[in-house]
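Indexing begins at 1, ligand by ligand and atom by atom, following the structure's order.
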Amino acid sequence: MGKRRLAVLISGRGSNMEALARAAQAPDYPAGIVLVASSKAGAAGLETAATLGLPTAVIPARDHPTRDSFDAALTAALESCGTEAIALAGFMRILTPGFIRRWQGRIVNIHPSLLPKYPGLDTHARALEAGDAQGGCTVHIVTETLDDGPILAQTAVPIRAHDTAETLAARVLEAEHRLYPQALAAFLATLP
Ligand code: GAR
């Protein structure tokens with residue numbers, strides 16, 4: 001089977017998008033990136049994507065008064081480039097149930113905690129506050145419940161004595177960059 005047509009959704013720095021893009025440059029990687037779409041006009045990841053020669057689109061949240069309107073514009077952009085699967089990579093918007101149904105079983109996300117621990121925001125601060133011995137990241141299928149779909153893969157990293165949320169986030173981010181391309185490739189192999 002040829003490369004799956006993958007869209008990557010970002011809202012900021014885009015380092016996970018870059019990790020996916022670099023993996024996808026390999027001829028035997030099972031996806032090619034057909035679109036990097038951002039919900040924020042100034043997202044740094046847009047510049048990275050352009051530098052990597054990837055098509056980009058901005059769907060500014062502020063232009064859309066409702067979530068339905070935003071998600072309809074996003075779906076139109078995704079459909080126009082023949083998207084088959086979607087990777088959320090630091091995409092900081094909650095998608096509507098209608099959007100998730102449209103792309104049922106074809107959206108994956110990376111989350112910076114060992115789900116089901118710490119869905120939502122401030123995951124590293126919460127792990128430190130709880131006195132956890134480990135932090136980590138999870139790649140999962142996106143369902144209508146936030147940070148809750150079937151888990152595809154996880155990596156744990158140690159929490160060290162003098163960690164702050166920032167030092168832990170940096171250690172987890174390195175693990176994310178290794179985990180996401182691998183987990184996505186395995187997931188794509190299961191798609192009809
Ligand atoms: C990553 O740590 C990712 O796991 C997290 O945002 C960061 C984005 O970094 N995602 C979430 O918190 C989603 N709820 P990046 O833009 O450099 O990939």
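- Here the closest heavy-atom approach between residue I159 and residue G135 is recorded as CG1-N, 3.5 Å.
- In terms of protein heavy-atom proximity, atom 12 (O) of ligand 1 is closest to P112 CD, 3.5 Å.
- At least one N or O atom of R13 sits closer than 3.5 Å to an N or O atom of ligand 1.
- Taking 4.0 Å as the cut-off, I10 does not count as a neighbour of ligand 1 on heavy-atom distance.
- Considering only residues two or more places apart in sequence or on other chains, S11 meets the side chain to side chain donor-acceptor pair (under 3.5 Å) condition with S39.
- At the shortest separation from atom 14 (N) of ligand 1 among protein heavy atoms lies H111 ND1, 3.7 Å.
- Distances shorter than 4.0 angstrom do not occur between any heavy atom of G45 and any atom of ligand 1.
- Residue E176 has at least one nitrogen or oxygen atom sitting less than 3.5 Å from a nitrogen or oxygen atom of ligand 1, judged on distance alone.
- Polar contact check, M92 against ligand 1: no nitrogen or oxygen pair lies under 3.5 Å apart.
- Ranking the protein heavy atoms by distance from atom 15 (P) of ligand 1 puts S15 N, 3.4 Å first.
- Between the side chains of Q154 and T138, at least one donor N or O sits under 3.5 Å from an acceptor N or O.
- What sits closest to atom 6 (O) of ligand 1 on the protein, heavy atoms only, is G90 CA, 3.9 Å.
- Side-chain N/O atoms of S15 and H177 include a donor and acceptor closer than 3.5 Å.
- Looking at atom 16 (O) of ligand 1, its nearest protein heavy atom turns out to be G14 N, 2.8 Å.
- A donor-acceptor contact shorter than 3.5 Å links the side chain of T164 to the backbone of T167.
- Side chain of R4 to backbone of A85: no donor-acceptor contact under 3.5 angstrom is found.
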task = Evaluate side-chain contact (heavy atoms from CB on, under 4.5 Å) for Y180 paired with V108, printing each intermediate quantity in order.
result = CA-CA 10 Å; Y180 208 1; V108 296; 3.7 Å; yes
